[in-house]
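Below: one structure, written as structure tokens.
Just so you know, these numbers use all the heavy atoms, side chains as well, and skip hydrogens, waters and symmetry mates. For ligands, and for the atoms within them, numbers begin at 1 and follow the listed sequence. By convention here, the first residue in the shown sequence is residue 1.
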Amino acid sequence: MPKYIFVTGGVISSVGKGTVAASIGKILQSRGYNVDFLKIDPYVNVDAGTLNPYSHGEVFVTDDGGETDLDLGWYERFLDIPMSRLNNLTTGQVFQEVIRRERAGEYLGQCVQIVTHVTDEIKRRIRLVAERRGADIIIVEIGGTVGDIEAQPFYEAARQMKLEEETLFVHVSLVIYLETTGEFKTKALQHSVNELRRAGIQPDIIVARSQRIIDEATRRKIALFGTLPKEAVFCSYDTDVIYEVPLILDQQGLGDFIVKHLSLSNTQPDLSEWRRIVETFKSNGPLVKIAVCGKYTALTDSYISIKEALKHASAYHNARLEILWVDAEKVERDSIEEISKLEEAHGILVPGGFGKRGSEGKIIAINLARTQDKPFLGICFGLQMAVVEFARNVLGLKGANSTEHDQDTPHPVIDLMPEQRQTEQKGGTMRLGSLPVVIKKGTLAYRLYESELIHQRHRHRYEVNPAYHQKLTGAGLVFSGLSPDGNRVEIIELPSKKYFIATQYHPEFKSRPGKPEPVFRGLIAAALAEVKIRDMQVKVQ
Ligand code: GLN
């Protein structure tokens, strides 16, 4: 029988529930258990695909084309198991199903209510995760903060499951550290525990999230007010390496406590490989600076998988990483500050994006990378803008553009994919999820992937216009990755440059600590070569 661990959050959103949930998963996986997850997002959207990344951060794409919450990215990076659209549940999905059934007459004669119809559907979806891979333990993370009106049906479903299944409730809440007096303040945490109790849930474990490790007196106080033994209170404090959190929590005895509470038998964790990987993130090696030029740079959570993929690749090469966030719109307006970051960087990355705003700034960044032969990686929109830049400045096609932002361009080098012309709905209608990519031998892409066939995740409506394929390749742009039918461009590169590559797919979703994604690994290797060249130049001077 599967067991269920619920993770709730208090005081503030983004308190670190996702990291704690993923860490608990890692701790249990290291004891040989098959773990799966469900992230609950109480908003009414059916999925994250229609949300602006500024409000909820990145949209994480699963193999099966789910447009999901970024916490699924943490589950994948920590446990290296693929998530699916089933691992993310929203209010929108719950109501869509309940209303569908009501219209189909499945509840004929009944008054359809939050309790029990909506809560039953929530419980069905939670249990469905257990069937997916036959997991022993399902970790259910309820998004937002306890007390949120929109999340109440989910807390109610969780409360009911306590009576029906073997469960464990973990409450992650903020403890504030006052620098001036050197005190830990727990009142907000106490209030959030009370709020949880109001929903009928008594936590079995409290994880205090704080800037630094809490002292014994604070731990005792939290236990006293939370009606818990002191041994049930843990602390997740700030650390430079997020992948260290499972080690920190397990060292405090979290794994042993959970194993005992859920009557599990395996008590000996094997975290040695994970520990080795975590150490690679603490390297003292050379500093490599990568400029990421996008339009959501004010909220770097919008690019979280890219940020992590760059970290994985840097750790792999024993380099220290500094990301220079470059606002594409400011580049567009000639901001000296932003452009000097592009100049300073050892490599430039242009990530995915949508719409006109900032697109010319990205083209400027790509032009700088190409003409100065600076290592460059373009992703999705980044590939599309690299093709526009090449068309304009190498092929001399004046006004070349993507029809996404210029319907009347004389040279639509990037155009809507034919099958997209019929789609009217916006939600879940892009070219989504894992698809095969055939790689040409003898190219940089082949050297990186060492394979003629890879599978990568997609999320786009536009593509390199087939009408321009010949012109582009004739001028030296290499299509080193294509869809199996040969019609769709998946990877472009410029062999005359040191490292100039872009992908239509999103490689960042498949990068893992200890297993960096090849195009990121290649970017950091090329950027490190730049560091060496600059060092030598300094010495010569
Ligand atoms: N807006 C572009 C498209 O729809 C790129 C999408 C992306 O970067 N994810 O094709």
Checking Glu58 side chain against Ser305 main chain: does a donor-acceptor pair fall under 3.5 Å?
yes

Please work out whether the ring planes of Tyr303 and Trp325 are parallel, tilted or perpendicular, with thresholds of 30° and 60°.
parallel

Measuring only between side-chain heavy atoms, which start at C-beta, is Leu482 closer than 4.5 Å to Val489?
yes

Provide, to 0.1 Å, the distance between atom 4 (O) of ligand 1 and the closest protein heavy atom, together with that atom's residue and name.
Arg461 N, 3.0 Å

Strictly distance-based, threshold 3.5 Å: is any side-chain N or O of Glu332 a donor or acceptor partner for the main-chain N or O of Gly358?
yes

Starting from atom 10 (O) of ligand 1, locate the nearest protein heavy atom and write down its residue, its atom name and how far away it is, to 0.1 Å.
Tyr462 N, 2.8 Å

In terms of the angle between their ring planes, are Tyr505 and His458 parallel, tilted or perpendicular, with boundaries placed at 30° and 60°?
perpendicular

His506 to ligand 1, any heavy atom closer than 4.0 Å:
yes

If you scan protein heavy atoms around atom 9 (N) of ligand 1, the nearest is Arg459 O, 2.9 Å

Compute the minimum heavy-atom distance from Gln384 to ligand 1 and say whether it is under 4.0 Å.
yes

For ligand 1 and Phe381, I'd like to know whether there is a polar contact (N/O to N/O, distance under 3.5 Å).
yes

Quick one: which ligand 1 atoms are inside 4.0 Å of a heavy atom on Gly352?
8 (O)

For ligand 1, which part of Glu404 has a heavy atom less than 4.0 Å away: the side chain, the backbone, both, or neither?
side chain

Quiz question: by atom type and distance under 3.5 Å, do the side chains of Asp47 and Asn88 form a donor-acceptor pair?
no

Hey, does Gly353 come in under 3.5 Å of ligand 1, counting only N/O atoms on both sides?
yes

Residue pair Tyr462 / Gln504, side-chain donor-acceptor N/O under 3.5 Å
no

Among protein heavy atoms, which sits nearest to atom 7 (C) of ligand 1, and what does the distance come to when rounded to 0.1 Å?
Cys380 SG, 2.9 Å

